[in-house]
*Asks:* 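Could you have a look at this structure, given as structure tokens, before my questions?
Order of the sequence lines sets the chain letters (A, B, ...), proteins ahead of strands, with each chain counted from 1.
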Number of protein chains: 2
Amino acid sequence: MCVIISLTEENYLKAIYTLSHLFEESEVSTNQISDHLNNKAATVTDMLKRLAEKKLIHYIPYQGVKLTEKGRQTAIKVIRKHRLWEVFLVDKLQFKWDEVHEIAEQLEHINSDELIQRLDKFLGKPKFDPHGDPIPDANGLLNIVKALPLNQHKAKGNFTFVGVCEHSKTFLQHLTSIGLKIGDVIKVEEVNEFDNSFKVKINKNNSQFFSNKVASSILVEVKK
Amino acid sequence: MCVIISLTEENYLKAIYTLSHLFEESEVSTNQISDHLNNKAATVTDMLKRLAEKKLIHYIPYQGVKLTEKGRQTAIKVIRKHRLWEVFLVDKLQFKWDEVHEIAEQLEHINSDELIQRLDKFLGKPKFDPHGDPIPDANGLLNIVKALPLNQHKAKGNFTFVGVCEHSKTFLQHLTSIGLKIGDVIKVEEVNEFDNSFKVKINKNNSQFFSNKVASSILVEVKK
DNA sequence: GGTATAATTTAGACTAGTCTAAAAATTTGT
DNA sequence: ACAAATTTTTAGACTAGTCTAAATTATACC
Ligand SMILES: [Mn+2]
Ligand SMILES: [Mn+2]
Ligand SMILES: [Mn+2]
Ligand SMILES: [Mn+2]
């Protein structure tokens, strides 16, 4: 009970959580973590030993790591805080969706359960952050997003834009510049076999093209 | 330009700023800082050398320290953030005034000028925090509070309660329990020479007594 | 003015978190 | 199956921030 978890340790746990879901594998490797956090592999190994010591991860040398239940809960809580603060920044302070990630990276480490509970209520208990990512609830339960990237639905029809799988500032700004935001309806008029580009209409406006790169980075659901 | 100032360094600068104003002396001693931050004097000496190296303080061994202009600006900015976040916590999240200090101690280190500017606007550019302390403006200018503790006005009459000079949780809770909040009118009906206690009415309610300890910890202005 | 006391600094050590270089283990390819 | 390539760990070093104990400087008092 009540082991203190440092900011650095929180970031490692979050990285392990994210990577294990990114690659659909339960074991995460040392190099994956070192790439993700821009640290050297030797540094990661040191930290993995400390996290294992604290019972936050299962670690077998050379075999990779996975989170313990305690580690998972800690990671989820950091993600909950990150996403709630992003909602605050966009909804209450009128930041753009491409401006909030760096600030949320700092705010996610503020330690106060009461604060998060009240912030959640103040924001109207949102279910999704400004990028369409689901916000874990107070018990650590997370809606799994069943949406797929647009390019995996190789069919004409109407889709709803529900999130991004690429979070870079430049990509988010690009979506803004083509006038696409969460909740918009995308009508696929043609799928171009040659380069896998998509001819689409956004909310019944004029037609435009999505490159395969764009189509593979936006998550959509079939419109009901 | 653009020297990175760590969270720890920010706390030292804030401590030096606070202590120099608390004792009305420009030079702050090593022991004062070590008491204030609950660090050992040797630790403080180490840090003072680092802060001097970064041109944030003027430091002459054995003589005490004072802030440079750059150090003062940094300290003021941290105080501005602390007090703005306290306003946010009380006004927007409905925290009580005795619950916000610890959380603001964390939030004051979040580093984003844009965030503070937008938070300030969102809160309606408040001039005072929930404890009546003035909030420095974006240029680092601070209204000096000219209010005195009630016990220094040894006279009957009407006063306005504008702030506290004691910030402990128990004291703030005590004021709440006797029904006193910022802005209330305090009518002094008697000053008791024997123990320097005060017979007062708050907002024309029933009379009660303030001990000298209470009277010396609340800041009031003569009611206009 | 000289000594006792208090304040401050120095010296040396420790932890968390990082690095580079080298060693060891694992995986890959023939 | 074994050598080469890759991954991971170990060893040793560094910085920031902290400590204790000892040395030094300042101050207070007679
Ligand atoms: Mn983010
Ligand atoms: Mn997000
Ligand atoms: Mn405070
Ligand atoms: Mn305050």
*Asks:* Do any of residues 50-66 of chain A sit with a heavy atom less than 4.0 Å from DNA chain D, and if so which?
*Replies:*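 Heavy-atom cutoff 4.0 Å gives A/Tyr59, A/Pro61, A/Tyr62.
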*Asks:* Please determine if B/Arg80 and B/Asp137 form a salt bridge, counting it only when a charged side-chain N lies under 4.0 Å from a carboxylate O.
*Replies:*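 No, B/Arg80 and B/Asp137 are not salt-bridged.
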*Asks:* Donor-acceptor check, side chain of A/Gln73 to backbone of A/Ala75, threshold 3.5 angstrom: yes or no?
*Replies:*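 The answer is no, because no donor-acceptor pair under 3.5 Å joins these two groups.
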*Asks:* First and last nucleotide of DNA chain D in contact with chain B, 5' to 3', at under 4.0 Å to a heavy atom: what are they?
*Replies:*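 Contacts span D/dA16 to D/dA26, reading 5' to 3'.
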*Asks:* Looking at DNA chain D, which of residues 4-22 of chain A put a heavy atom within less than 4.0 Å of it?
*Replies:*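 Those residues whose heavy atoms fall under 4.0 Å from DNA chain D, taken from residues 4-22 of chain A, amount to none.
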*Asks:* May I ask you to decide whether A/Lys14 forms a salt bridge with A/Glu108, counting only side-chain N to carboxylate O separations under 4.0 Å?
*Replies:*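 Looking at A/Glu108 together with A/Lys14, the answer is yes, because their closest N to O distance falls below 4.0 Å.
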*Asks:* Look only at the side chain of A/Thr74 and the backbone of A/Lys70, and say whether a donor-acceptor pair between them is shorter than 3.5 Å.
*Replies:*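 Yes; at least one donor-acceptor contact below 3.5 Å.
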*Asks:* Classify the angle between the aromatic ring planes of B/Trp85 and A/Phe88 as parallel (below 30°), tilted (30 to 60°) or perpendicular (above 60°).
*Replies:*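 B/Trp85 and A/Phe88: tilted rings.
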*Asks:* Determine whether the aromatic ring centres of residues A/His131 and A/His101 are separated by less than 6.0 angstrom.
*Replies:*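 For A/His101 and A/His131, the ring centres are not under 6.0 Å apart.
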*Asks:* Considering only heavy atoms, which members of residues 27-37 of chain A lie under 4.0 Å from some atom of DNA chain D?
*Replies:*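 Only A/Ser29, A/Thr30, A/Asn31 qualify.
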*Asks:* Show me the pairs that pass salt bridge (charged side-chain N to carboxylate O under 4.0 Å, His left out) and involve residues 50-63 of chain A, at least two apart or across chains.
*Replies:*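 Only A/Glu9-A/Lys54 qualify under salt bridge (charged side-chain N to carboxylate O under 4.0 Å, His left out).
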*Asks:* I'd like to know if the side chain of B/Asp195 pairs up with that of B/Ser197 as donor and acceptor (distance under 3.5 Å, no hydrogens or angles considered).
*Replies:*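 There is such a pair between these side chains.
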*Asks:* Output all residues satisfying side-chain contact (heavy atoms from CB on, under 4.5 Å) with A/Glu114, sequence neighbours left out; order by chain, then residue number.
*Replies:*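 A/Glu114 satisfies side-chain contact (heavy atoms from CB on, under 4.5 Å) with A/Ser112, A/Gln117, A/Arg118, B/Phe95 once adjacent residues are dropped.
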*Asks:* Treating B/Glu99 as the side-chain partner and B/Lys96 as the backbone partner, does any N or O pair qualify as donor plus acceptor under 3.5 Å?
*Replies:*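 Indeed, once roles are kept as given, a pair shorter than 3.5 Å links the two residues.
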*Asks:* Does the ring center of B/Tyr12 lie less than 6.0 Å from the ring center of B/Tyr17?
*Replies:*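 Distance test on ring centres: not under 6.0 Å, no.
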*Asks:* Report yes or no: is the cationic atom of A/Lys154 (NZ for Lys, CZ for Arg) under 6.0 Å from the centre of the six-membered ring of A/Phe198, at an angle within 45° of the ring normal?
*Replies:*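 No; the conditions do not both hold, so A/Lys154 does not lie above the ring face of A/Phe198.
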